[in-house]
Amino acid sequence: MKIAVSSTGTDLDSEIDPRFGRCAYFIIVNPDDMTFEAIENESMSLGGGAGIQSGQFIASTGATVLITGNVGPNASRTLNAAGLDVIVGVSGPVREAIERYKKGELSPTNQASVPDHFGMGTVQGSYPGGGMGMGRGMGRGMGRGMGRGMGMQGGYTPPQAPPPSSPDQELGALKADAKALREQLNSILSRIKDLEGK
């Protein structure tokens, strides 16, 4: 048996990422001996379809259970079609979530916990700008907003995320947001440095 967990980091002490399709990493855990593999989520910066791509990837790993903070309708359908048990609303360290699952404290659902495109272009679910450049991809994405996630949002108003239902979930979401902001700032500063050097 394998359990997949959306994670903000690469080890069992990392916090669960409240996002599924746009999480930073997936940790695939064997709950019997707690061996694991951390895999960077290549779908994190997709302009659309991140939930579906992530769902297909998780299914390909052989995992039978997914533990995450939130999952949207498209990802939910993909995961359900693949026969995975999907557990949402979980926060805290990955290791703790696995232990809670093993004790029978976590129950699967077949329903999405957030609306379509949750987190696109918002701090709550993804990097601000998130590649949705509306033709302002800074010259690297051929006008499709694929310019390293630094596109101007061009009037796009993202859906509002539901408030976290517990202090632990809020803390997990805030930590993920802080990491996303740090990475976006580093990307922006790098681009400024590139442009100044020309």
Side-chain angles (χ1 to χ4, degrees), residues 1-9 14-29 31 36-94 96-98 100-102 104-127 130-132 156-166 168-177 180:
M1 169 187 213
K2 291 181 183 177
I3 300 174
V5 185
S6 62
S7 176
T8 60
S14 300
E15 292 290 312
I16 291 176
D17 197 316
R19 309 158 297 177
F20 167 66
R22 297 179 190 287
C23 68
Y25 298 93
F26 293 113
I27 297 187
I28 312 298
V29 183
F36 68 93
E37 177 183 9
I39 305 164
E40 187 172 2
N41 180 10
E42 294 181 5
S43 301
M44 178 174 61
S45 60
L46 286 178
I52 294 169
Q53 293 293 322
S54 294
Q56 291 171 342
F57 173 75
I58 291 301
S60 77
T61 67
T64 55
V65 176
L66 168 69
I67 299 174
T68 188
N70 294 293
V71 68
N74 292 333
S76 179
R77 284 189 289 274
T78 301
L79 294 162
N80 289 333
L84 273 85
D85 286 336
V86 180
I87 300 169
V88 297
V90 184
S91 61
V94 171
E96 182 180 298
I98 299 292
R100 288 178 61 202
Y101 177 79
K102 287 165 52 173
E105 296 175 6
L106 302 176
S107 301
T109 182
N110 61 0
Q111 301 293 317
S113 61
V114 293
D116 273 333
H117 307 293
F118 171 71
M120 279 184 61
T122 67
V123 175
Q124 175 66 23
S126 184
Y127 301 166
M132 292 300 294
Y156 172 75
T157 305
Q160 294 301 307
S165 59
S166 73
D168 286 342
Q169 284 182 323
E170 183 176 6
L171 179 60
L174 289 172
K175 285 182 178 181
D177 292 347

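Just so it is clear, the structure is predicted and the values come from calculations on it, not from any experiment.
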J.: On a heavy-atom basis, which atom in Ala97 and which in Leu106 lie closest, and how many Å separate them?
T.: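 Heavy-atom minimum between the residues: O-CD1, 3.5 Å.
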J.: How far apart are the C-alpha atoms of Asn70 and Val88, what are their side-chain angles, what is the distance that settles it, and do they pass the side chain to side chain contact (heavy atoms under 4.5 Å, CB included) test?
T.: CA-CA 5 Å; Asn70 294 293; Val88 297; 5.7 Å; no
J.: Set out, in order, the CA-CA distance, both residues' side-chain angles and the distance that settles side chain to side chain contact (heavy atoms under 4.5 Å, CB included) for Val90 and Arg100, then state yes or no.
T.: CA-CA 10 Å; Val90 184; Arg100 288 178 61 202; 4.2 Å; yes
J.: Looking at Asn41 and Cys23, would you say the former's side chain and the latter's main chain have a donor-acceptor pair under 3.5 Å?
T.: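 Present.
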J.: Which value, rounded to the nearest 0.5 Å, describes the distance between Thr64 atom OG1 and Leu84 atom CG?
T.: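 Going from the OG1 atom of Thr64 to the CG atom of Leu84 covers 6.5 Å.
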J.: Side chains of Asn80 and Arg77: is there a donor and an acceptor less than 3.5 Å apart?
T.: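 No pair is found: no donor N or O on one side chain lies under 3.5 Å from an acceptor on the other.
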J.: Before giving the answer on side chain to side chain contact (heavy atoms under 4.5 Å, CB included), spell out for Ile16 and Glu96 the whole-Å C-alpha distance, their side-chain angles and the decisive distance to 0.1 Å.
T.: CA-CA 10 Å; Ile16 291 176; Glu96 182 180 298; over 6 Å; no
J.: Kindly give the heavy-atom pair with the smallest separation between Ala82 and Ala59, and that separation in Å.
T.: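 Looking at all heavy atoms of both residues, the shortest contact is CB-CB, 3.6 Å.
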J.: Is a side-chain donor or acceptor of Ser60 paired with a backbone partner of Phe57 at a separation under 3.5 angstrom?
T.: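 Yes, Ser60 side chain to Phe57 backbone: donor-acceptor pair under 3.5 Å.
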J.: Could you measure the distance from the CD1 atom of Ile67 to the OG atom of Ser7? Nearest 0.5 Å is fine.
T.: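 Between Ile67 CD1 and Ser7 OG, I get 11.5 Å after rounding to 0.5 Å.
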J.: Would the distance check show the side chain of Ser54 and the main-chain N or O of Gly21 forming a donor-acceptor pair, the cut-off being under 3.5 Å?
T.: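 Yes, because the side chain of Ser54 sits within donor-acceptor range (under 3.5 Å) of the backbone of Gly21.
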J.: So do the side chains of Val86 and Pro108 get within less than 4.5 Å of each other, counting heavy atoms only?
T.: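 No, their side chains stay 4.5 Å or more apart.
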J.: Between atom CD1 of Ile3 and atom CD1 of Ile98, what is the distance when rounded to the nearest 0.5 Å?
T.: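 Reported value, rounded in 0.5 Å steps: 4.0 Å.
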J.: Does the ring center of Phe36 lie less than 6.0 Å from the ring center of Phe26?
T.: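 When the ring centroids of Phe36 and Phe26 are compared, they turn out to be at least 6.0 Å apart.
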J.: Is a donor on one side and an acceptor on the other found under 3.5 Å between the side chain of Thr61 and the backbone of Ile58?
T.: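 It does hold such a pair.
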J.: Measure across Met1 and Pro31 and return the closest heavy-atom pair with its distance rounded to 0.1 Å.
T.: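 For Met1 versus Pro31, the nearest heavy atoms are O-CD, 3.4 Å.
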J.: Would you say Pro93 and Glu15 make side-chain contact, with heavy atoms under 4.5 Å?
T.: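 Yes. Closest side-chain heavy atoms under 4.5 Å.
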J.: What's the spacing between Lys2 NZ and Glu37 CD if we round to 0.5 Å?
T.: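 So the gap between those two atoms works out to 7.5 Å.
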J.: Where the side chain of Asp17 meets the backbone of Tyr25, is there a donor-acceptor pair that is under 3.5 Å apart?
T.: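 No; judged by distance alone, with no hydrogens or angles, the pair does not exist.
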